[in-house]
Protein chains: 2
Amino acid sequence: MSKKNITINDIARSLNIAPSTVSRALNDSRRISEATRQKVRQKARELGYELNLIASSLSKDRTGTIGLVIPNISQSFFSQSVSGIEAVTRENNCRLIIAQSNESLEREKDILRMFQSYRVDGVIASLSIESNEISHFKELQDKGIPLVLFDRVHYGLDCTKVVVDNYEGAFKAASHLISSGCRRPAHLGGPLKNRLFRERADGFAEALARHDVPLLPNFLLSTDLTPTDVQDAMRLWMNQPKPPDGIFTASASTGLLLTRIARNMQIRIPDDLALITFGNEPCHEYTVPSLSAIDMPGNEMGGTAAEHLLRAISNPKTEKKLVIKPLQLYIRNSTLRKSMTHVADRPHPG
Amino acid sequence: MSKKNITINDIARSLNIAPSTVSRALNDSRRISEATRQKVRQKARELGYELNLIASSLSKDRTGTIGLVIPNISQSFFSQSVSGIEAVTRENNCRLIIAQSNESLEREKDILRMFQSYRVDGVIASLSIESNEISHFKELQDKGIPLVLFDRVHYGLDCTKVVVDNYEGAFKAASHLISSGCRRPAHLGGPLKNRLFRERADGFAEALARHDVPLLPNFLLSTDLTPTDVQDAMRLWMNQPKPPDGIFTASASTGLLLTRIARNMQIRIPDDLALITFGNEPCHEYTVPSLSAIDMPGNEMGGTAAEHLLRAISNPKTEKKLVIKPLQLYIRNSTLRKSMTHVADRPHPG
DNA sequence: TTGAAAGCGCTAACAC
DNA sequence: GTGTTAGCGCTTTCAA
């Protein structure tokens with residue numbers, strides 16, 4: 001029973017003017033008299049006219065839509081990013097298509113194909129774990145579609161990238177462990193083929209070196225951070241005569257898992273083992289003890305990525321930048337050791 | 001430097017056939033010879049042709065896109081729903097536009113307008129808290145756009161709705177409190193103008209009645225569930241001579257808040273106070289104690305909603321249904337009281 | 001089975 | 001300022 005949609009032709013006819021005039025009136029063109037502008041807008045409201053974005057897109061060869069690919073929307077970092085991106089796109093009234101790669105390269109390729117078919121004006125992406133190969137992004141760029149990467153970026157792509165200083169964040173985290181009294185800090189890291197994890201590992205190692213704390217054998221692990229990996233790492237470490245007294249993990253979820261494993265192993269945090277994670281989930285405040293973390297400014301990173309993309313869309317010659325966002329250290333109870341003051345449970349700052 | 005996009009005309013020209021033939025070949029029409037079909041597909045691949053969905057949508061008057069409005073993607077229930085919906089839409093190769101209302105009615109209206117402009121083929125929605133008024137959805141339906149609601153539904157709308165049995169879930173939760181030994185259970189509920197919260201409150205009350213447990217004065221509160229409300233409720237209850245010995249909260253996040261407040265008030269869970277929440281967040285497993293919950297099958301609800309919508313799109317005469325999904329009780333440590341066995345920390349079933 | 005032609009609703013030259 | 005006209009890339013009659 002769908003009422004036929006009202007078109008500009010309907011408005012034109014009922015006003016005895018040309019469709020193009022209606023279009024101009026509706027688009028706030030300068031070459032239109034105020035009188036007709038009013039008249040048209042009035043009639044449009046009266047008839048319940050809604051612009052057909054599809055037709056408009058086809059003739060303008062711009063859809064006003066940007067595509068977003070993220071690995072997984074349920075990680076709070078990414079859902080924050082989405083909010084940041086949405087805020088900006090909305091402000092510039094441009095639409096957003098979101099798709100999850102679920103960490104699959106195949107899916108990521110599919111999504112980009114879909115975006116191309118959709119003729120999105122630009123793409124924002126955070127790479128899947130599997131994406132070592134990036135030809136699909138290159139193809140996208142070859143078609144002239146602007147691209148901005150954030151967080152999980154690939155330096156082989158010539159585009160604006162919004163990242164955090166993983167090295168510095170890891171350095172901060174490790175330094176914090178040390179200043180909390182840890183003398184045997186360990187790092188549970190991600191796959192080193194990934195630059196992001198390499199930087200985190202390097203920052204960790206450098207902090208130890210800088211503070212004259214020895215990096216013990218096996219105390220810097222690189223794994224895929226699956227639950228099994230985490231379990232194995234803990235077993236390996238805790239079965240040593242002298243296990244670590246502090247752990248810096250390369251991902252937020254790993255930290256949560258660690259609290260559970262530690263509890264089951266009867267290891268007390270922070271007394272036996274301090275813990276700090278790269279990445280901050282809301283849940284970090286609710287665990288016992290609450291978890292210290294390096295917080296990644298998802299909202300802000302998303303916003304910046306979107307701003308850069310919009311700029312690149314309106315001016316393809318826009319310079320490509322590497323934007324590095326600052327990281328903040330949230331100190332909670334998981335790194336407050338015996339000797340130190342206890343911080344009452346409360347929401348983290350900001 | 002954008003390579004011009006290849007069109008079916010390019011293919012047609014280079015093959016010396018008509019564009020319409022190319023279209024038929026590409027769309028697996030039946031009225032095409034296998035030979036030309038092959039030829040065309042071959043050439044298309046060769047030239048790197050990608051369908052222009054915009055043009056296709058305009059001429060078919062179907063976009064193959066459905067719009068999704070949810071209050072907030074960062075609640076795990078909703079991000080699960082998104083996954084469920086995505087799985088189904090993807091299978092039927094149809095695209096998804098996601099937008100968040102952020103619990104704002106104004107924003108929700110905006111989004112629907114945007115969806116109409118986009119000519120989405122259908123809409124799936126979960127209402128914002130503010131959406132008592134639903135004229136914007138009625139307008140959508142008047143334009144012939146199929147609508148399916150899930151979880152946060154409005155019974156004034158004539159459309160398929162996918163919900164859980166809130167009454168029964170609350171009944172289960174309260175019964176569980178009672179069988180865990182609570183004799184003074186309380187309910188921290190949401191705004192009663194909202195049917196969903198009314199049902200939860202009713203289910204709670206009924207369970208008490210059924211088990212001959214008295215519902216004490218002020219032990220069934222209706223609030224907006226803001227952090228302040230939760231704080232106030234706890235103060236009210238705990239200052240009583242005989243405070244509750246078990247709480248059933250109407251939302252998952254409220255439960256998390258409660259654990260913190262309880263800890264600060266030196267109230268032990270579950271010994272002094274058992275706790276169970278309507279809604280289950282991943283975080284529930286990591287709190288100490290872990291939190292018992294009524295789990296809402298987000299993934300499944302989303303999937304069902306999507307299936308129904310697709311059906312309604314392909315056949316507008318499809319019967320509108322009320323689908324009620326079963327709820328599951330996850331028993332964790334927050335309701336395992338002194339007398340009872342301790343459940344080791346581990347991932348919940350399933 | 002294929003081609004020719006019209007049209008989806010809008011925009012943008014180009015005239016007047 | 002406004003109208004005329006010609007597309008945007010595809011689908012879909014209708015003929016052949």
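A, B, ... follow the sequence lines: proteins, then strands. Residue 1 opens every chain.
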Residues that B:S29 engages under side chain to side chain donor-acceptor pair (under 3.5 Å), provided they are two or more places apart: none

Flag side-chain contact, heavy atom, 4.5 Å: B:P297 against B:V164: yes

Close N or O pairs between protein and nucleotides 6-8 of chain C (under 3.5 Å):
{"residue": "C:dC8", "atom": "O2", "partner": "B:S59", "partner atom": "N", "Å": "3.4"}

By side chain to side chain donor-acceptor pair (under 3.5 Å) - contacts of A:R113 (at least two apart): A:D110

Rounded distance (Å) that lies between atom C1' of C:dT1 and atom CG of B:L26: 17 Å

Interface residues of residues 27-42 of chain A with DNA chain D (non-hydrogen, below 4.0 angstrom): A:R31, A:I32, A:S33, A:T36

Polar pair under 3.5 Å, donor/acceptor by atom type, side chain A:S23, base C:dA12: no

For B:E46, all residues meeting side chain to side chain donor-acceptor pair (under 3.5 Å), sequence neighbours excluded: B:K43

Protein-nucleotide distance (B:L15, atom CG; C:dT1, atom P), rounded to Å: 18 Å

Contacts of B:R37 that satisfy salt bridge (Lys or Arg N to Asp or Glu O under 4.0 Å) - sequence neighbours left out: B:D28, B:E34

Side chain B:D10, main chain B:T7, donor-acceptor under 3.5 Å: yes

Qualifying side-chain hydrogen bond (donor to acceptor under 3.5 Å, both in side chains) pairs with a residue from residues 148-163 of chain A, counting only residues at least two apart or across chains: A:E103-A:R152

Worked check of side-chain contact (heavy atoms from CB on, under 4.5 Å) between A:V69 and A:V123: CA-CA 8 Å; A:V69 205; A:V123 169; 4.2 Å; yes

Outermost nucleotides of DNA chain D that come under 4.0 Å of a non-hydrogen atom of chain A: D:dG1 to D:dG9

Parallel, tilted or perpendicular: ring planes of B:F78 versus B:F150, cut at 30 and 60 degrees: perpendicular

Rounded distance [0.5 Å steps], CD1 in A:I70 versus OG in A:S101: 8.0 Å

Spacing of B:I17 atom CD1 relative to C:dA4 atom C1', expressed in whole Å: 14 Å

A:E50 CD - C:dC10 C1' separation (whole Å): 15 Å

With a 3.5 Å cut-off and sequence neighbours excluded, list the donor-acceptor pairs that the side chains of residues 302-311 of chain B form with protein atoms.
{"residue": "B:T304", "atom": "OG1", "partner": "B:E300", "partner atom": "O", "Å": "2.9"}
{"residue": "B:T304", "atom": "OG1", "partner": "B:K325", "partner atom": "NZ", "Å": "2.7"}

Between C1' of C:dT11 and CZ of A:R24, the distance in whole Å: 10 Å

Bending between helix ends of the helix from C:dT1-D:dA16 to C:dC16-D:dG1 [5 pairs per end, 10° resolution]: 40°

With sequence neighbours excluded, residues passing side chain to side chain donor-acceptor pair (under 3.5 Å) with A:E319: none

Any pair counted as salt bridge (Lys or Arg N to Asp or Glu O under 4.0 Å), so long as it reaches residues 124-133 of chain B, sequence neighbours left out: B:K109-B:E133

